[in-house]
Amino acid sequence: MSRKSGAIHIDRKGNLDLSDVSYISEADHQRIYKRCGPEKGDVLLVCVGATIGKALVVPDIGEFSLARSVALLKPGKEIVSEYLLSLINTDALQRQFVSSGNSSAQAGLYLGKIKEIMVPVPGLKEQLRFKEIVNFVKEKFSSKINGGNLESDFVLSLSQKAFSGQL
């Protein structure tokens with residue numbers, strides 16, 4: 001039996017694209033998954049290549065293996081996945097990812113560097129409120145924000161207001 005692995009693509013809307021995957025043996029999948037098993041709610045972050053910094057929250061799709069070009073971030077109980085994703089998508093963090101990337105033959109952002117990046121983490125209550133507001137606005141205005149960077153611009157603006165006490 002083969003498992004999905006390898007060519008994981010995160011599209012510009014932050015969706016996991018599994019249309020062009022490679023397959024590995026069940027034994028290889030078990031070995032990789034035991035060490036690095038993505039679960040619903042984890043955050044995947046592209047850490048190698050031209051798309052460093054692209055990220056998404058893992059949807060409920062069952063088991064799959066990761067390629068070495070994707071870092072697995074497990075937010076834990078103190079960080080809401082959607083808050084972390086919004087933070088990753090800010091220009092400030094994107095600049096840190098790009099500048100931290102080892103720019104040899106192929107740019108790479110490695111776990112040691114990812115762990116060194118400082119991020120603001122408000123209380124859980126504030127993060128949950130942020131998630132609630134973002135989800136409400138996405139539902140309410142989804143036809144107006146599909147395509148382009150309007151969504152990420154909006155989330156950045158909303159996050160700045162939410163955590164400066166302006167909401």
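Below, all heavy atoms of this structure are taken into account, side chains as well, without hydrogens, waters or symmetry copies.
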Side chain to side chain contact (heavy atoms under 4.5 Å, CB included) assessment of Q30 paired with E63: CA-CA 10 Å; Q30 292 302 326; E63 284 187 19; 4.2 Å; yes

L87 side chain reached by P120 side chain, heavy atoms, under 4.5 Å: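 Touching, per the 4.5 Å side-chain cut-off.
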
Spacing of [X] atom [atom1] and [Y] atom [atom2] [to the nearest 0.5 Å]:
X: I61; Y: E39; atom1: CD1; atom2: CD; value: 12.0 Å
X: I24; Y: S65; atom1: CD1; atom2: OG; value: 3.5 Å
X: Q94; Y: I88; atom1: CD; atom2: CD1; value: 8.0 Å
X: L93; Y: S86; atom1: CG; atom2: OG; value: 11.5 Å

Over 12 foreign heavy atoms within 6.0 Å of NZ, K74: yes

Cluster link Y33 to L44, ILVMFWY, side chain under 4.5 Å: no

Test item: Q127 side-chain N/O and V80 main-chain N/O as donor-acceptor pair under 3.5 Å: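 At least one qualifying donor-acceptor pair exists.
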
Heavy-atom pair of closest approach, residues G37 and D42: O-OD2, 3.9 Å

Reference residue P75; test side chain to side chain contact (heavy atoms under 4.5 Å, CB included); the match among L84, L85, V121: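 With P75 as partner, side chain to side chain contact (heavy atoms under 4.5 Å, CB included) holds for just one option, L84.
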
Charged N-O contact under 4.0 Å between E126 and R129: no

